[in-house]
2 protein chains.
Amino acid sequence: METKAQALEIAKTQLQLRGYNGFSFQDIANELGIKKASLHYYFSSKEDLGLALIEDYAAAFQQWADKLAELSPYEKIEKYILMFYSFAQDNLKICPAGVFCVDFNALPVRMQKSITELQDTQRRWLEKALIRGIKDGDFKKSLKAKDTANLLIAACQGGLQLARFQDNCRVMKSTCQTLLDLLTDI
Amino acid sequence: METKAQALEIAKTQLQLRGYNGFSFQDIANELGIKKASLHYYFSSKEDLGLALIEDYAAAFQQWADKLAELSPYEKIEKYILMFYSFAQDNLKICPAGVFCVDFNALPVRMQKSITELQDTQRRWLEKALIRGIKDGDFKKSLKAKDTANLLIAACQGGLQLARFQDNCRVMKSTCQTLLDLLTDI
DNA sequence: TTTATTCTACCTACCAGTAGGTAGGTAATC
DNA sequence: GATTACCTACCTACTGGTAGGTAGAATAAA
């Protein structure tokens with residue numbers, strides 16, 4: 001079972017560094033030191049691996065969100081940005097969801113559905129936090145939760161891409177901080 | 001010469017819909033109704049095609065920017081967002097630069113350089129408009145041009161991705177409008 | 001004005017390499 | 001003896017890319 005988890009971990013890294021069409025079973029096998037065919041023992045197809053990757057990330061997000069339940073809306077948003085920032089810090093990785101977006105039209109339908117769901121979950125979580133945050137005065141009263149949630153996701157995803165182009169992970173942080181300031185300032 | 005331009009156009013569409021690793025010479029040849037080998041008459045390698053794609057987009061941006069020289073800073077930013085929105089309107093395409101970001105680490109060095117330059121050009125253009133806009137009072141005085149330029153790019157790029165996931169191009173528009181409001185409101 | 005040459009815009013046929021994937025086997029563990 | 005965790009050995013389909021050829025248009029030389 002160790003091997004499967006390792007394979008998944010390698011795949012996740014490759015995905016975030018090179019995109020879904022940018023890595024192969026062979027790459028993973030090489031890094032693991034086993035044969036490519038053996039990977040099919042764990043993942044019957046690349047679609048299968050892709051789905052596992054998405055589910056994994058979805059589960060990690062859920063777990064992450066659960067830990068933050070007690071925090072204030074503002075702190076939640078801060079942590080959300082920080083989560084993305086930690087991607088950038090790690091070799092300028094980008095978010096899995098962002099990766100899949102680019103390849104979206106070249107993806108199997110089941111993966112498309114799964115990734116869309118994941119994205120929806122994140123948006124709903126953000127929206128919920130923002131609704132409370134706006135009511136509580138953490139954020140500007142004039143904000144609409146839905147649009148703001150989208151803006152936050154966009155800034156985080158886009159921020160990761162900027163960081164990669166500028167070869168500097170702090171760009172992502174300052175970009176999102178700029179937005180955060182705009183959301184709170186009265 | 002017509003064929004080369006057509007090939008480039010098809011490649012551009014494929015790139016924006018499926019990513020750089022999501023289309024092949026064969027795809028383009030099929031759509032053109034010529035043989036794959038004949039494409040190598042125009043583009044000696046895929047890297048060559050990729051570079052042409054980037055240069056093409058860079059030239060188009062320059063031309064676009066030149067036409068806007070007389071507009072006010074605020075109008076320029078508005079048009080910038082609208083340019084991205086027109087991508088989304090056209091089959092939920094995303095920005096070429098955003099596409100290349102995901103595949104970045106899997107790209108030939110020359111392409112990496114070229115795409116980074118393009119991104120820099122856009123950022124400088126935005127920054128210049130913002131510096132004037134902030135001084136003129138089009139935008140909040142407290143804004144830093146550099147960070148704001150990055151935030152705008154991030155929101156546009158990210159907004160396109162959101163639009164694709166939500167299968168609705170207007171999401172991109174409302175996301176960026178939300179940001180624009182935040183940048184102007186006093 | 002004819003002839004010779006060269007260029008354009010493709011073609012067929014092929015290459016090595018890699019993609020995802022499968023069939024069937026083996027050695028160790030429960 | 002069944003299950004687990006691999007393996008070897010293969011397959012088909014496709015990738016980017018090359019070698020060599022050709023019909024026809026353009027250009028230059030006789």
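To find a chain, count down the sequence lines: A is the first, B the second, and so on, and within it residues start at 1. Note that the structure is predicted; figures quoted are calculated from it, not measured.
Distance, A:Gln6 CD to D:dC6 C1': 14 Å, rounded to whole Å. A:Leu51 has its CG atom 15 Å from the C1' atom of C:dG20, to the nearest Å. Atom NZ in A:Lys35 sits about 5 Å away from atom P in D:dT8, given to the nearest Å. Per the geometry, CG belonging to A:Asn21 stands 11 Å off C1' belonging to C:dA19, to the nearest Å. Rounded to whole angstrom, the span from the CG atom of A:Asp48 across to the P atom of C:dG21 amounts to 9 Å. Atom CD1 of A:Ile28 is separated from atom P of C:dA19 by 11 Å (rounded to the nearest Å). What separates CZ of B:Phe23 from P of D:dC14 is a distance of 18 Å, to the nearest Å. Between the CZ atom of A:Arg18 and the C1' atom of C:dT18 there is a distance of 14 Å, given to the nearest Å.
Side-chain polar atoms of A:Gln166 and B:Asn150 form a donor-acceptor pair below 3.5 angstrom. Side chains of B:Glu75 and B:Ser72: a donor on one and an acceptor on the other come within 3.5 Å.
When the nucleotides D:dG17, C:dG21, C:dA13 are ranked by their closest atom to the side chain of A:Phe25, C:dG21 comes out on top. Residue B:Ser24 places its side chain closer to D:dT15 than to any other of C:dA19, C:dA23, D:dT15. Nearest nucleotide to the B:Tyr41 side chain, out of D:dC7, D:dG17, C:dC10: C:dC10. Picking from D:dA19, D:dT15, C:dA23 the nucleotide with the shortest atom distance to the side chain of B:Gln26 gives D:dT15. Between D:dG17, D:dC6, C:dG21, one nucleotide has an atom nearer to the side chain of A:Thr3 than all others, and that is D:dC6. Of all nucleotides listed (C:dC11, D:dG16, C:dG20), C:dC11 comes nearest to the side chain of B:Ile34.
Taking the ring centre of B:Phe43 as origin, the terminal cationic atom of B:Lys4 falls inside the region bounded by 6.0 Å and 45° from the ring axis.
Residue A:Tyr42 places at least one side-chain N or O closer than 4.0 Å to OP1 or OP2 of D:dC6. OP1 and OP2 of D:dG17 both lie 4.0 Å or more from every side-chain N or O belonging to B:Ser44.
Contact annotation: side chain of A:Lys46 to base of C:dG21, donor-acceptor pair absent below 3.5 Å.
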task: I would like to know whether B:Tyr80 and B:Phe84 meet ring-ring contact (aromatic ring centres under 6.0 Å, His included); could you show each step before the answer?
output: CA-CA 7 Å; B:Tyr80 183 80; B:Phe84 278 76; 4.9 Å; yes
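Residue contacts for B:Phe43: at a heavy-atom cut-off of 4.0 Å it reaches no nucleic acid atom on any strand shown.
Side chains of A:Ile153 and B:Leu162 form a contact here, defined as non-hydrogen atoms less than 4.5 Å apart.
Of the two residues contacting DNA chain D, namely A:Ser38 and B:Asp27, the nearest-nucleotide position lying further toward the 5' end is that of A:Ser38.
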